[in-house]
S.K.: 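This structure is in structure tokens; I'll ask about it shortly.
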Amino acid sequence: IARLARLRDFLWCSDISPFNIAFSYCFSVLTDTCSVPVSEIITVEETEIDEKHYHSGKWQKMAKPYAFTVYYVKRARRHRWRCSHVTFWCTEEGLCNQWIQTLKELLEKLTCRPKHLLVYINPFGGKRQGKRIYEQKVVPLFNLASITADVIVTEHANHAKDSLFEINIEKYDGVVCVGGDGMFSEVLHGLIGRTQRDCGVDQNNPKASLVQCNLRIGIIPAGSTDCVCYATVGVNDPVTSALHIIIGDSLAMDVSSVHHNNTFLKYSVSLLGYGFYGDILRDSEKKRWMGLIRYDLSGFKTFLSHHCYEGTVAFLPAQHTVGSPRDKKSSFHGAECRQKKRLGSEEVEEWKVIQGKFLAINAANMSCACPRSPKGLSPAAHLADGSSDLILVRKCSRLNFLRYLIRHTNQDDQFDFAFVEVYRVRKFQFTSKHVDDEDGDLKDLGKKRFGQICSDHPACCCSLPNSTWNCDGEILNNSAIEVRVHCQLLQLFARGIEETPTQEALS
Ligand SMILES: CCCCCCCCCCCCC/C=C/[C@@H](O)[C@H](CO)NC(=O)CCCCCCCCCCCCCCC
Ligand SMILES: Nc1ncnc2c1ncn2[C@@H]1O[C@H](COP(=O)(O)OP(=O)(O)OP(=O)(O)O)[C@@H](O)[C@H]1O
Ligand SMILES: [Ca+2]
């Protein structure tokens with residue numbers, strides 16, 4: 001029964017499209033391609049047969065036709081999913097009902113599917129289309145799948161995050177955010193923060209082991225970068241994401257915690273970047289009104305400024321994972337945890353320390369694939385292995401840095417440069433040379449000194465005292481940070497990037 005194709009033994013079939021495709025065609029569709037796992041059926045409905053349909057089709061020959069329609073997930077080009085349907089006809093009412101009943105019972109057994117969701121919409125994210133995208137593309141699919149939702153259209157930044165601390169979240173099967181990476185970040189901070197509060201875990205303690213969140217998050221992409229969605233689904237397409245939510249896919253992902261002097265700053269799931277990406281973000285925030293193009297302008301400007309920053313990076317290599325950031329095969333499709341072994345108490349943690357002048361320090365918890373760079377900052381970065389890929393780009397010429405950037409957009413290896421190093425790490429710390437000397441205990445003190453350094457040392461040709469950290473698209477105020485990866489802290493409604501079936505497999 002798992003394969004709809006078998007239904008043809010019992011029923012006649014036709015697509016109920018306005019064009020009423022001929023039987024022979026439909027049979028061949030069934031024989032060749034229409035084999036759908038029950039887990040990818042969206043819903044089954046009894047089909048009303050109107051007079052027009054009845055008189056125009058071959059089922060006129062049936063004394064009295066009965067029909068049901070199966071809505072299912074259909075793979076389209078480039079990781080896109082679409083909702084498709086096929087209608088099955090027969091002469092016996094009982095048989096038809098039996099099929100509907102049986103399929104419904106099978107669907108009922110899929111307990112991983114959400115029934116009731118909490119939805120946050122950022123009406124101002126990306127091209128400001130969040131509300132329209134949700135209403136036009138997502139709601140019809142949720143209705144079809146009988147998913148109900150409580151919708152909150154955010155009124156200000158942090159609305160979603162704050163509300164997740166207040167709301168009774170137990171009645172929901174998941175939280176959906178309609179927006180970009182910034183909106184996703186808000187929802188994950190709300191959900192992780194709420195879970196720790198409920199479990200009595202102190203987020204300010206960098207050594208605390210955090211409690212995993214029970215609710216899954218679904219991302220309906222409607223932002224500027226949509227890197228988390230792109231890197232976990234393979235495309236930033238609202239319909240595809242809605243279908244992943246409906247069928248109840250699950251994908252675990254690592255989350256990094258960022259601390260400064262035993263104070264919790266932020267969580268990061270995609271990019272934690274100092275230097276190049278920090279400077280782009282700081283500059284682009286002033287240009288928010290420009291929309292999407294702000295990143296390209298700030299990127300160009302930051303590229304021309306060519307600033308490097310001196311500091312020390314100390315990290316704990318991730319020996320427990322298999323694979324390396326230099327692996328050729330990307331981990332796109334792999335959602336499984338690749339931990340080889342947990343670090344036993346007898347194993348000594350060996351920190352590695354690197355000092356230097358850097359154009360960029362990037363920690364990628366996932367590939368960071370996005371439309372700008374389809375393979376991402378670290379193509380082989382693994383989503384759920386408890387590690388992050390730490391990329392150090394040392395001071396080099398503008399031309400070399402450009403060559404490095406260009407390799408993010410083609411098939412060449414962006415790590416194959418003498419000035420680029422990449423390590424798979426479980427924890428790392430960064431201290432800027434300039435804050436190092438005088439970094440006090442207090443955050444505010446740090447900020448004040450940061451200000452002083454900037455005015456005391458006007459921008460010299462290349463080496464600047466401090467950059468800022470870009471944490472998933474948000475600016476951090478401290479340059480000295482301590483980062484730790486928490487393995488599989490969060491679950492998404494996604495399944496990782498599926499391998500495209502080869503021609504052979506299709507035939
Ligand atoms: C010559 C072309 C080279 C193109 C190189 C492209 C590399 C792009 C890599 C993108 C990585 C995105 C990482 C995602 C980070 C997200 O957590 C965060 C939140 O959404 N987004 C940003 O911070 C937003 C970050 C936005 C980054 C935009 C980078 C644009 C670089 C433009 C450089 C121009 C050089 C031109 C020289 C003639
Ligand atoms: N109603 C609101 N008004 C103003 N800001 C909001 C509102 N709702 C959410 N925000 C904030 O807007 C920021 C950007 O949102 P979002 O990520 O959806 O869009 P974006 O344009 O793609 O930005 P990003 O570049 O961060 O991906 C988020 O950090 C969020 O906190
Ligand atoms: Ca990881």
Side-chain angles (χ1 to χ4, degrees), residues 120-128 130 152-161 177-187 189 219-231 236 252-256 268-273 276-278 280-282 284-285 288 291-292 294-304 318 321 323 325 331 337-339 362-378 380-389 398-399 401-410 414 424-426 470-475 485-488:
Y120 290 103
I121 303 177
N122 176 1
F124 302 118
K127 293 181 194 149
R128 298 172 172 248
I152 299 177
V153 179
T154 59
E155 284 160 14
H156 51 86
N158 287 327
H159 184 166
K161 185 180 122 196
C177 63
V178 185
D181 291 325
M183 196 56 191
F184 171 73
S185 173
E186 256 199 45
V187 168
H189 278 84
I219 308 172
I220 301 293
S224 321
T225 318
D226 300 324
C227 144
V228 183
C229 178
Y230 198 98
N236 50 344
M253 68 195 278
D254 298 338
V255 178
S256 292
S268 164
V269 284
S270 53
L271 169 71
L272 199 48
F276 188 63
Y277 290 101
I280 291 184
L281 187 68
R282 201 178 35 192
S284 70
E285 282 299 290
R288 255 199 179 270
L292 270 67
R294 70 187 189 275
Y295 287 130
D296 298 304
L297 285 177
S298 300
F300 186 61
K301 190 173 153 189
T302 307
F303 170 78
L304 290 181
T321 53
S331 57
C337 180
R338 297 200 302 183
Q339 276 189 307
N362 299 326
N365 240 344
M366 56 172 68
S367 68
C368 291
C370 58
R372 262 192 193 84
S373 169
K375 63 175 183 174
L377 285 182
S378 188
H382 201 277
L383 263 177
D385 64 346
S387 77
S388 184
D389 287 355
R398 272 194 188 81
L399 181 65
F401 191 60
L402 182 62
R403 286 170 63 213
Y404 164 73
L405 285 179
I406 289 173
R407 287 199 187 173
H408 289 78
T409 62
N410 61 29
Q414 65 252 50
R424 197 152 273 185
V425 307
R426 291 200 299 129
N470 171 343
C471 177
D472 290 358
E474 286 207 46
I475 294 171
V485 187
H486 299 263
C487 189
Q488 308 192 356

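Start at 1 and go down the list; that is how both ligands and their atoms are numbered. All values below were derived from every heavy atom in this structure, side-chain atoms included, with hydrogens, water molecules and symmetry-related copies excluded.
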S.K.: Determine yes or no for a side-chain-to-main-chain donor-acceptor pair under 3.5 angstrom, with Asn470 supplying the side chain and Leu272 the backbone.
M.R.: no
S.K.: Are any of the N or O atoms of Asp181 closer than 3.5 Å to those of ligand 2?
M.R.: yes
S.K.: Heavy atoms only, cut-off 4.0 Å: how does Tyr120 contact ligand 2, side chain, backbone, both, or neither?
M.R.: neither
S.K.: Tell me the angle that O of Ser387 and O of His382 form around the Ca ion (ligand 3), rounded to 10°.
M.R.: 140°
S.K.: For Asp472 and Ser185, test the side chains for any donor-to-acceptor distance below 3.5 angstrom and give the result as yes or no.
M.R.: no
S.K.: Rounded to 10 degrees, what angle sits at the Ca ion (ligand 3) between Asp385 OD1 and Asp254 OD2?
M.R.: 80°
S.K.: Between Gly223 and ligand 2, does any nitrogen or oxygen pair lie at a separation below 3.5 Å?
M.R.: no
S.K.: At under 4.0 Å between heavy atoms, is it the side chain or the backbone of Glu155 that contacts ligand 2, or both, or neither?
M.R.: backbone
S.K.: As a check for students: among Thr225, Asn470, Leu281, Asn362, identify the option with a heavy atom nearest to atom 21 (N) of ligand 1.
M.R.: Thr225
S.K.: Pick whichever of Cys471, Cys370, Pro371, Ala231 has a heavy atom sitting closest to atom 12 (C) of ligand 1.
M.R.: Cys370
S.K.: Measuring from non-hydrogen atoms of Arg294 to any atom of ligand 2, is the shortest distance under 4.0 Å?
M.R.: yes
S.K.: Among all protein non-hydrogen atoms, which one is nearest to atom 29 (C) of ligand 1, and what is the separation to 0.1 Å?
M.R.: Ile280 CD1, 3.9 Å
S.K.: Among protein heavy atoms, which sits nearest to atom 30 (C) of ligand 2, and what does the distance come to when rounded to 0.1 Å?
M.R.: Glu186 OE2, 3.2 Å
S.K.: Going by the order shown, which atoms of ligand 1 are within less than 4.0 Å of some heavy atom of Phe300?
M.R.: 36 (C), 38 (C)
S.K.: Taking a cutoff of less than 4.0 Å between a non-hydrogen atom of the residue and any ligand atom, is His156 in contact with ligand 2?
M.R.: yes
S.K.: Which atom pair, heavy atoms only, marks the closest approach of Ala318 to Arg426?
M.R.: CB-CG, 3.6 Å
S.K.: If we only count N/O pairs under 3.5 Å, is His408 in contact with ligand 1?
M.R.: no
S.K.: Write out the residue and atom name of the closest protein heavy atom to atom 10 (N) of ligand 2, then the distance separating them to 0.1 Å.
M.R.: Asn122 ND2, 3.6 Å
S.K.: Which ligand 2 atoms are under 4.0 Å away from a heavy-atom of Gly179?
M.R.: 18 (O)
S.K.: Among all protein heavy atoms, pick out the one at the shortest distance from atom 26 (O) of ligand 2; state its residue, atom name and that distance to 0.1 Å.
M.R.: Gly182 N, 3.3 Å
S.K.: Would you mind finding which of Asp472, Ile406, Asn365, Leu405 brings a heavy atom closest to atom 19 (C) of ligand 1?
M.R.: Asp472
S.K.: For Pro374 versus Tyr230, what's the shortest heavy-atom pair and its separation?
M.R.: CB-OH, 4.0 Å
S.K.: Please determine if Gly180 has a nitrogen or oxygen closer than 3.5 Å to a nitrogen or oxygen of ligand 2.
M.R.: yes
S.K.: Is it the side chain (CB and beyond), the backbone, both or neither of Leu402 that lies under 4.0 Å from ligand 1, heavy atoms counted?
M.R.: side chain
S.K.: Right, does atom 2 (C) of ligand 1 have protein non-hydrogen atoms nearer than 4.0 Å?
M.R.: no
S.K.: Test of understanding: given a 4.0 Å heavy-atom threshold, classify the contact between Lys161 and ligand 2 as side chain, backbone, both, or neither.
M.R.: neither
S.K.: Going by heavy atoms, is Ser224 under 4.0 Å from ligand 2?
M.R.: yes
S.K.: Which heavy atom of the protein is the closest neighbour of atom 1 (N) of ligand 2, given with residue, atom name and distance?
M.R.: Thr154 O, 2.9 Å
S.K.: Return a yes/no value for Arg372: is any of its N or O atoms, backbone included, closer than 3.5 angstrom to an N or O of ligand 1?
M.R.: no
S.K.: Return a yes/no value for Met183: is any of its N or O atoms, backbone included, closer than 3.5 angstrom to an N or O of ligand 2?
M.R.: yes
S.K.: Would you mind checking which non-hydrogen protein atom is closest to atom 25 (O) of ligand 2, with the distance to 0.1 Å?
M.R.: Tyr295 OH, 2.6 Å
S.K.: What protein heavy atom sits nearest atom 3 (N) of ligand 2, and how far off is it?
M.R.: Phe124 CD1, 3.3 Å
